[in-house]
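Inspection log for the structure reproduced underneath, given as structure tokens.
The figures here come from the full heavy-atom set of this structure, side chains too, leaving out hydrogens, waters and symmetry mates. We number each residue from 1, following the sequence as shown.
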Amino acid sequence: MNKQKLIEQQIEQALLEGRWKLFERLPAERLLAEEYSVNRTTLRAALSALAGRGILETIHGSGTRVRALPSGQSSAIDMADRISASLLLIPSIMRACSLVIKPSQIISLERILPVAGTALRNSDTKTYVQAQVQFFMEAARFVGSGSVNAALSACLPDGRQLMRLFDSYDLHDNEALFAQLARILSSMRHADAEETALATQAYFSTIKDMMEKQAPAA
């Protein structure tokens, strides 16, 4: 195993053990590099790989934060379980969010959709997945409950699994999913809690349908 992969595993394990919580900022690169006894180039590669999986998020000038907790598993069964949990829990979370979200917070969600749309048109599946995961994690944060954030993170599928799923479908199918995401945002703009919950239900139902259609060919 190369050094980068080892650092990825060590950071994942630290997250699973609760060293850093959701949305918490990691120590500076210099400190992490010293702690793991690697150069900063190797550390950045490991952080970038974890960001690609939707676990971390690095913003220039703001450092690296925890976006989602590692799943610990990546099997198709695990993904099916997570989608089922998402259908049960996330519509309620998004409904609660729509009741408390402020206009300035709506703006932060509005900035995410163009990123997802551009990535979709450019066949950049990684960014397309990252933007969708970020949308739900950002929305849950506005509820102001660490338990809610943790519950949503535990439900969302692993980014790599979503990338493989979306890559197996054409642009038309992925546009249909993107339309559901836009519907969620539109309902939140109008503070329509019930429509937000229904739109969220439809979004995850669409992913479930994509998984079930793919299953016979797997």
Side-chain angles (χ1 to χ4, degrees), residues 1-75 78-79 81-83 85-86 89-90 92-94 96-97 100-102 104-105 108-109 111-112 115-116 119 125-163:
M1 180 183 299
N2 63 37
K3 196 69 172 177
Q4 176 191 323
K5 290 293 184 183
L6 180 61
I7 299 308
E8 287 179 47
Q9 288 188 0
Q10 290 176 335
I11 293 175
E12 282 189 83
Q13 187 60 37
L15 289 167
L16 289 169
E17 292 173 352
R19 178 175 175 185
W20 299 297
K21 297 179 175 61
L22 284 172
F23 306 113
E24 184 176 346
R25 187 166 63 183
L26 271 60
E29 286 184 359
R30 176 181 59 81
L31 298 176
L32 282 175
E34 290 176 357
E35 177 180 345
Y36 290 111
S37 300
V38 293
N39 60 48
R40 292 177 70 171
T41 299
T42 300
L43 176 70
R44 283 173 185 158
L47 295 178
S48 178
L50 291 170
R53 292 166 51 195
I55 294 173
L56 300 179
E57 177 181 28
T58 300
I59 301 176
H60 182 68
S62 299
T64 299
R65 296 180 182 274
V66 181
R67 176 189 289 178
L69 298 179
S71 65
Q73 298 181 6
S74 58
S75 67
D78 179 61
M79 183 172 180
D81 286 345
R82 282 170 169 258
I83 290 297
S86 295
L89 298 177
I90 298 183
S92 296
I93 292 174
M94 296 301 289
C97 176
V100 299
I101 195 166
K102 301 175 182 177
S104 61
Q105 295 168 333
S108 73
L109 293 180
R111 292 185 181 127
I112 297 173
V115 174
T125 311
K126 182 174 77 170
T127 302
Y128 179 55
V129 168
Q130 287 178 338
Q132 292 180 72
V133 172
Q134 182 183 3
F135 180 88
F136 288 102
M137 294 301 297
E138 186 78 1
R141 185 167 64 87
F142 299 141
V143 179
S145 167
S147 296
V148 168
N149 295 340
L152 185 138
S153 179
C155 292
L156 288 173
D158 181 84
R160 292 171 298 178
Q161 296 171 330
L162 287 176
M163 285 177 62

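In this structure, CZ on Phe142 lies 10.0 Å from NZ on Lys102, to the nearest 0.5 angstrom. Here CG of Leu15 is found 6.5 Å from CG of Leu26. Values are rounded to the nearest 0.5 Å. For the atom pair OG1 of Thr64 and CD1 of Ile55, the computed distance is 13.0 Å after rounding to the nearest 0.5 Å.
For the pair Trp20 and Ala14, the tightest heavy-atom approach, listed with the atom from each and the gap, is CZ3-CB, 3.8 Å. Taking each heavy atom of Ser37 and Lys3 in turn, the nearest pair found is O-CE, 3.9 Å. Here the closest non-hydrogen pair linking Arg25 and Gly63 is CD-CA, 4.3 Å. Between Gln4 and Ala45 the shortest heavy-atom distance is OE1-CB, 3.4 Å. When every heavy atom of Ala131 is checked against every heavy atom of Ile112, the shortest pair comes out as O-CG2, 3.2 Å. The shortest heavy-atom contact between Pro27 and Leu32 is O-CD1, 3.6 Å.
Electrostatic pairing of Glu12 and Arg53 counts as a salt bridge here, judged by a charged N lying under 4.0 Å from a carboxylate O.
The side-chain heavy atoms of Gln130 and Arg67, taken from C-beta on, include a pair separated by under 4.5 Å. Counting only heavy atoms from C-beta outward, the side chains of Leu152 and Leu89 never approach each other to under 4.5 Å. With a 4.5 Å cut-off on side-chain heavy atoms, Leu6 and Tyr36 do not count as touching. Contact check for Ile101 versus Leu109: side-chain heavy atoms found under the 4.5 Å cut-off. When side chains are defined from C-beta on, Met137 counts as touching Leu156, because their heavy atoms get closer than 4.5 Å.
With hydrogens and angles disregarded, no donor-acceptor distance shorter than 3.5 Å links the side chain of Glu29 to the backbone of Arg44. Remark: the backbone N or O of Cys155 is paired with a side-chain donor or acceptor of Ser86 at under 3.5 angstrom.
Paired with Leu43 under the rule side chain to side chain contact (heavy atoms under 4.5 Å, CB included), one option of Thr41, Asn39, Leu47 passes, and it is Leu47.
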